[in-house]
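Counting convention: from 1, in listed order, for ligands and their atoms alike.
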Amino acid sequence: MKYSLVSARQKGRNRFELSFLQVLISPVVAAVLASSLAGCSKPPPPPQALSLYFVSDTRGRLVPCGCFSGQYGGLTRLKTVLDRVDPATSVMVDVGDAIRGVEDYNLMEYRYMLEAYAAMRFDALNLGQREAQLSAEQLRSLAQQSPVTLISANLLDSQTGTPVCAPWKMIQRGSFKIALVGVMDPRVPAENLGRGLALEKIEITLGKLLPELKRKADFVVLIAFTDEATLSRLAQDFYELDIILGGKVSQPAQALEKQNRSLVLYTGNEGRALGILRTRLDARGKLTGVDHEIRLLEDRIPEDDSIRVLAERYRNEVRSAKLSVDDPANLQENMVPGVKTVAAYVGTPACVGCHTGAAKVWQDSGHASAMETLISRKADADPNCIPCHTVGFGSPSGYRREMAGHRLADVGCESCHGPGSLHVEQRQNHQSVTFKFRPLGAGDCQQCHHGEFSRPFDWGHFWPQIQHGNETSNATASARSGGKL
Ligand code: HEC
Ligand code: HEC
Ligand code: HEC
Ligand code: HEC
C-alpha cells in the first residue's frame with residue numbers, strides 16, 4: 001500500500017464514518033483569527049458553517065478495478081460519503097486530473113464521470129494537466145456539454161489568449177458569495193499540452209483576476225493543481241485568497257497550513273483521499289473557526305449503486321464503440337525506430353506442446369483465467385482492463401478486442417516472455433537457434449502487479465506459486481524429434 005501513513009492510522013477503526021487525522025487548527029492561529037474580529041463594533045450575526053470537500057487525481061476511477069480485495073477509492077465510495085453532506089453549507093470541488101488519459105475511450109469514460117460528479121452535486125471541476133492534454137476544441141465542447149461546471153483560469157486558447165472554459169465560478173451559500181477560481185501548474189512539456197492550448201503563469205492570471213473577484217465575492221477559494229511549494233508561494237503572494245485547495249502533490253497534507261491570509265490544504269492519492277475543510281464565516285466573510293480532515297475512501301465504505309450503473313453504461317458503450325486501439329494500423333511496435341519487428345505473438349497453445357511442465361503450472365494459475373475474470377465483471381471490452389489480462393494488447397500482433405475467446409486472451413506465456421514466433425519457428429524446424437528469450441525478473445511481473453492492481457508484490461511470495469521452467473525434458477525431446485511431439 002503506497003499510502004502507508006493513513007492506512008496505519010486507520011487500523012482499529014471499524015466504522016467508515018469515523019474521522020481520523022482530524023486536527024484542530026493550532027490555538028495560535030485560532031487566537032489570531034479571533035483577535036482579527038475584536039475591532040468589530042456591532043454584534044456580529046451568528047457565524048455560518050461552510051465545509052469544503054475536495055478530491056484530486058481521480059484518473060478515471062469511477063469504480064475501483066477490483067484487482068484485489070481491500071482497494072480504496074472510486075467515485076462509487078465518494079458518493080456514499082458525500083450523500084451525507086448538506087449542500088446548503090458545503091462546497092464540493094475536484095482539483096484536477098479526473099480524466100484518465102486522452103484516448104477515445106478515456107474521453108467516453110470522462111463523460112460518465114462528469115455525470116457522476118453532477119450527481120454528487122459538485123460545484124466545479126478544475127482542469128488538471130491530464131485534461132490539458134486534450135485539444136482546445138475538445139475542452140470547449142466538453143465544457144459546453146458537461147452537467148457540472150469545468151473551470152480553469154490559466155488554460156488558454158493559444159490563438160485568442162482567452163480561457164477555454166469558465167475561469168471561475170461564483171456560488172452562493174447563505175448570504176455569502178464565494179468565488180471558486182481554478183488554475184493549474186503551467187510547467188508542462190510542450191508535447192504534453194493539447195492542440196491549440198497555452199498555459200499562463202498562475203501569478204499573472206491571478207494578478208489580473210483577483211482584484212475584480214475580491215470586489216464581487218465575500219470569499220475567494222483558489223483551486224490549484226500544483227505542488228506543495230507553489231501552493232505556499234501563492235498564499236504568500238496573494239492576500240486576496242482565503243482558502244487554497246491543492247492537488248498535484250505526492251501525498252495528502254499532513255496538516256492544515258496558514259500562510260499569509262490563506263488556509264492551505266491539499267490532497268491527491270488517486271482520488272482515494274477526500275479533503276475536508278470545515279470553517280465558519282462571520283458576517284464579513286471572515287473565517288472564525290477551522291478544522292480539517294483527510295478522509296480515506298476505505299473499502300468498508302459501501303459503493304453507491306447509481307455510480308456503478310454509470311460505470312456499467314460506460315462499459316456497454318465502449319463495447320459497441322469502434323476505438324482507435326481496434327485498428328492494428330494505429331498501433332506502434334515498441335521497437336527501435338527503423339528496425340523491423342522481429343517476432344510476433346503466437347499465443348499460449350503454440351507453446352504448451354513442447355513445454356508441458358510450464359503449461360501445467362500455467363493452466364492451474366489465475367493467469368490462465370484472467371479473461372474469464374474480466375468477463376465476469378463485464379469489463380472484457382474495456383481497454384482500461386485488457387492490457388494486463390491478455391497477451392500483447394496494444395501491439396499490432398497482440399490481442400485485440402474483436403478476438404473474444406482467442407488464443408491471445410488471458411495472461412499467457414508471452415505476456416511475460418514476449419513474442420514467441422521466432423522461437424517456435426526455429427525450435428520446430430531445427431533451424432539454428434539465434435533467437436533467445438530475455439531473462440525475466442520481478443520487474444517484469446510488476447508491469448502488471450503494481451499499485452492498485454495487485455496486492456503488494458513480493459517475488460518470494462508470488463513466484464513460487466507459478467514457478468516453472470526446470471521441466472525441460474519435453475521441450476528437449478521435442479527439439480530432438482524435430483518438434484513433432
Ligand atoms: C496494470 C495491470 C492491470 C490492469 C490495468 C487491470 N488489472 Fe485486474 N489484475 C491485475 C493483477 C496483477 C491482478 C492480480 C492481483 C493479485 O493477485 O494481487 C488482477 C486481478 C484482477 C481481479 C481479481 C481476480 C481474482 O479472481 O482474484 C479482477 C476482478 C480484476 N483484476 C479486474 C480488472 C478490471 C475490471 C480492470 C479494469 C478496470 C482491471 N482488472 C485492470 C492487473 C491489472
Ligand atoms: C518445438 C518445441 C518448442 C515450442 C513450440 C516452444 N518451445 Fe520454448 N523451447 C524449446 C526448446 C527445445 C528450448 C531449449 C531449452 C530446453 O531444452 O528446454 C526452449 C526454450 C525456451 C525458453 C528458455 C529461453 C530460450 O530462449 O531458450 C523459453 C522462455 C521458452 N522456450 C518459451 C517458449 C514459449 C513462450 C513458447 C510459445 C510461444 C515456446 N517456448 C514454444 C522448444 C519449444
Ligand atoms: C500481463 C500482466 C501480468 C504479468 C506480467 C504478471 N501477472 Fe500475475 N497476474 C496477472 C493477473 C491479471 C492476475 C489475476 C488473474 C485472475 O485471477 O484473473 C495475476 C495473478 C497472479 C497471481 C495470483 C495467483 C493465482 O494463480 O491466481 C500470482 C501468484 C501471480 N500473478 C504471479 C506473477 C508473477 C510471479 C509474475 C512475474 C513472473 C507475474 N504474475 C506477472 C497479470 C500479470
Ligand atoms: C507470469 C509470467 C510468466 C508466464 C505467464 C510464463 N512464464 Fe515462463 N518464466 C517466467 C519467469 C519469471 C521465469 C524464470 C526466469 C527466467 O528464466 O527468465 C520463467 C522461466 C521459463 C522457462 C525456463 C527459462 C530458462 O531460461 O530455462 C521456460 C522454458 C518457460 N518459462 C516457459 C514458459 C511457458 C511455455 C509458458 C506458458 C505455458 C510460460 N513460461 C509462462 C515467467 C512466466
Side-chain angles (χ1 to χ4, degrees), residues 60-71 74 100 109 311 314-315 343-363 365-391 393 407 410-430 433-459 461-463 465-485:
R61 292 174 179 83
L62 257 176
V63 283
C65 66
C67 292
F68 70 105
S69 53
Q71 279 179 329
R100 200 187 290 255
E109 182 181 57
Y314 157 68
R315 284 179 184 164
Y345 292 104
V346 292
T348 306
C351 320
V352 296
C354 293
H355 295 282
T356 47
K360 167 101 181 62
V361 174
W362 174 78
Q363 193 61 62
S365 80
H367 288 147
S369 52
M371 181 47 81
E372 209 43 62
T373 297
L374 291 188
I375 292 171
S376 72
R377 301 284 173 124
K378 300 197 179 87
D380 50 304
D382 185 349
N384 288 318
C385 311
I386 300 172
C388 304
H389 286 252
T390 61
V391 176
F393 184 71
R407 60 198 153 83
D410 300 319
V411 177
C413 315
E414 296 164 292
S415 298
C416 297
H417 289 286
S421 64
L422 281 181
H423 174 80
V424 170
E425 209 178 295
Q426 295 180 350
R427 293 292 181 177
Q428 246 163 16
N429 303 329
H430 276 310
V433 176
T434 54
F435 177 88
K436 271 294 218 181
F437 283 111
R438 64 193 174 84
L440 300 176
D444 297 288
C445 314
Q446 283 166 305
Q447 286 180 29
C448 299
H449 286 269
H450 68 81
E452 71 193 301
F453 302 108
S454 180
R455 295 161 289 162
F457 187 81
D458 167 28
W459 174 265
H461 175 68
F462 279 70
W463 172 243
Q465 297 179 47
I466 61 153
Q467 190 164 358
H468 61 276
N470 295 324
E471 344 59 7
T472 53
S473 53
N474 212 20
T476 314
S478 151
R480 287 202 195 98
S481 69
K484 294 184 194 74
L485 268 186

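Residue-ligand proximity, C413 to ligand 2, at heavy-atom distances under 4.0 Å covers atoms 35 (C). Per-residue contacts place C416 under 4.0 angstrom from the following atoms of ligand 4 (heavy atoms of the residue considered): 1 (C), 2 (C), 3 (C), 4 (C), 5 (C), 42 (C), 43 (C). Set against the non-hydrogen atoms of Q428, the atoms of ligand 2 under 4.0 Å away are 1 (C). Ligand 2 places these atoms under 4.0 Å from at least one heavy atom of H417: 29 (C). Residue-ligand proximity, G412 to ligand 4, at heavy-atom distances under 4.0 Å covers atoms 5 (C). Residue P439 has at least one heavy-atom neighbour below 4.0 Å for each of these atoms of ligand 4: 18 (O). Heavy-atom contacts of W459 reach the following atoms of ligand 4: 12 (C) (cutoff under 4.0 Å). Proximity to L440 (heavy-atom distance under 4.0 Å) selects the following atoms of ligand 4: 10 (C), 11 (C), 12 (C), 15 (C), 16 (C), 18 (O), 42 (C). Per-residue contacts place V424 under 4.0 angstrom from the following atoms of ligand 2 (heavy atoms of the residue considered): 37 (C), 38 (C), 41 (C). For ligand 4 and I466, the ligand atoms under 4.0 Å from any heavy atom of the residue are 1 (C).
By the ring pair (Phe, Tyr, Trp, His ring centres under 6.0 Å) test, F462 pairs with H449, F457, sequence neighbours left out. In terms of the side-chain hydrogen bond (donor to acceptor under 3.5 Å, both in side chains) criterion, Q71 has no residue partners (sequence neighbours excluded). By the side-chain hydrogen bond (donor to acceptor under 3.5 Å, both in side chains) test, E414 is found to be paired with no residue, residues two or more places apart in sequence or in another chain being considered.
Not a single heavy atom of G353 lies less than 4.0 angstrom from ligand 2. Contact between S415 and ligand 4 is absent, with no heavy atom of the residue lying under 4.0 Å from the ligand. Under a 4.0 angstrom heavy-atom cut-off, F437 registers as lying outside contact with ligand 4. For G441, the closest heavy-atom approach to ligand 4 does not fall below 4.0 Å.
With a cut-off of 2.8 Å, atom 8 (Fe) of ligand 2 has an N, O or S atom of H423 in range.
Contact between Y314 and P383 at its shortest, heavy atoms only, is OH-CD, 4.3 Å. Nearest approach of A350 to V424, heavy atoms of both residues: O-CG2, 4.2 Å. Taking both residues in full, the closest heavy atoms of R61 and R100 are given as N-NH2, 4.5 Å, listed atom of the first, atom of the second, then distance. Taking all atoms of both residues into account, the shortest heavy-atom contact from V391 to S415 is CG2-OG, 3.4 Å. Here the closest non-hydrogen pair linking Q426 and V433 is OE1-CA, 3.5 Å.
Protein residues with a heavy atom closer than 4.0 Å to ligand 1 are C65, G66, C67, R315, T373, L374, R377, A379, N384, C385, C388, H389, C448, H449, H450, F453, S454, R455, listed by chain and number.
Using modelled atom types, no side-chain atom of W463 and backbone atom of A442 make a donor-acceptor pair closer than 3.5 Å.
Both the backbone and the side chain of C351 come within 4.0 Å of ligand 2, counting heavy atoms alone. Proximity of V346 to ligand 2, defined as any heavy-atom pair under 4.0 Å, is confined to the side chain (atoms from C-beta onward).
Between F453 atom CZ and Q447 atom CD the span is 13.5 Å, to the nearest 0.5 Å. Interatomic distance, H417 NE2 to T348 OG1, rounded to the nearest 0.5 Å: 10.0 Å. We find the SG-CZ distance between C385 and R377 to be 10.0 Å, quoted to the nearest 0.5 Å. Atom NE2 of residue H389 and atom CD of residue E372 lie 12.5 Å apart, to the nearest 0.5 angstrom. Note that the NE2 atom of H423 and the SG atom of C351 stand 7.5 Å from one another [nearest 0.5 Å]. Summarising the geometry, atom CE belonging to M371 is positioned 5.5 Å from atom CD1 belonging to I386; distances are rounded to the nearest 0.5 Å.
Remark: R438 engages D444 in a salt bridge, criterion side-chain N to carboxylate O under 4.0 Å.
H468 has its closest N, O or S atom to atom 8 (Fe) of ligand 4 at the position named NE2.
Where the criterion is an N or O separation shorter than 3.5 Å, residue side chain and backbone included, H355 meets it with respect to ligand 2. Checking only distances, K436 does come within under 3.5 Å of ligand 2, N or O to N or O.
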